[in-house]
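Here is the structure we will look at, set down as structure tokens.
Note that the coordinates shown come from a computational prediction; the quantities given were computed from them, not determined experimentally.
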Amino acid sequence: MLSDKTRKYHLADSKTEFIHEFKGQNELNKKFMFGEVMFVKDGNEIHAFKNKCPHQGARLNGCSIHDGKVVCPVHKYGFDLENGRGHGMYLDIYDLEEKEDGFYLLRTYFSWFGE
């Protein structure tokens, strides 16, 4: 059975607590078993995406956010923060969710076996 699955990764007990991990910076990287995730603060919003540009694999450290897009610092390619689309490629974008029991990264992936 083919299906999409979503896994939740606990980041902190609250969004406020997670924001303290930025320590005055606008970027934060965290490593997970599936790869490195870049978290970027943009005003009161936090965005999460794979720390690897789909264009040529450059890390996105030093990226910027403009008009709803994350802009790669190397070749200035922009990728939509809602769906990851840009320049005929896709950047993996991750949703964030705050619940009573914590602040989470949501990663949706494809499963062949419906597990």
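Considering only residues two or more places apart in sequence or on other chains, E27 meets the side-chain hydrogen bond (donor to acceptor under 3.5 Å, both in side chains) condition with none of them.
Pairing each heavy atom of V40 with each of I65, the nearest pair is CG1-CG1, 3.8 Å. In terms of heavy-atom proximity, L105 sits nearest to F34 at CD2-CZ, 3.7 Å. Closest approach of Q25 and K41 over heavy atoms only: O-CE, 3.4 Å. The two atoms that bring F79 and G84 nearest to each other are CD2-O, 3.6 Å, heavy atoms only. Considering every non-hydrogen atom in both C53 and L60, the closest pair reads CB-CD2, 3.8 Å.
Between N29 and R59 there is a side-chain heavy-atom pair separated by less than 4.5 Å. Side-chain atoms of V70 and L91, non-hydrogen and from C-beta on, do get closer than 4.5 Å to each other. Using a 4.5 Å cut-off on side-chain heavy atoms (C-beta onward), M89 and Y77 make contact. The closest side-chain heavy-atom distance from H87 to H55 is not below 4.5 Å.
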*Given the rule in the side chain to side chain contact (heavy atoms under 4.5 Å, CB included) test, do L81 and F49 qualify, once you have shown the distances and angles that lead to the verdict?*
CA-CA 8 Å; L81 286 166; F49 44 87; 4.2 Å; yes

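Identified under the salt bridge (Lys or Arg N to Asp or Glu O under 4.0 Å) test for residues 71-88, with sequence neighbours left out: none.
Both F103 and F22 sit in one connected hydrophobic cluster of ILVMFWY residues. Membership requires side-chain heavy atoms under 4.5 Å apart, directly or through other members. Tracing side-chain contacts under 4.5 Å through hydrophobic residues (I, L, V, M, F, W, Y), one never reaches M38 starting from V71; they form parts of separate clusters.
A distance of 9.5 Å separates CD of E45 from CG of L96, quoted to the nearest 0.5 Å. Note: C63 SG to N51 CG = 8.0 Å, rounded to the nearest 0.5 Å. To the nearest 0.5 angstrom, K30 atom NZ is 4.0 Å from E21 atom CD. To the nearest 0.5 Å, atom NZ of residue K50 and atom CG of residue D92 are 5.0 Å apart. Atom CD1 of I93 and atom OG1 of T108 lie 12.5 Å apart (nearest 0.5 Å).
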Mind listing the side-chain donor-acceptor pairs of residues 9-18 below 3.5 Å, one per line with the distance, residues two or more places apart or on another chain?
| unit_1 | atom_1 | unit_2 | atom_2 | d |
| --- | --- | --- | --- | --- |
| H10 | NE2 | A12 | O | 3.0 |
| S14 | OG | E17 | N | 3.0 |
| K15 | NZ | N44 | O | 3.3 |
| E17 | OE2 | D13 | N | 3.4 |

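Annotation for D67: atom CG does not count as buried by contact number, only 12 or fewer foreign heavy atoms lying within 6.0 Å.
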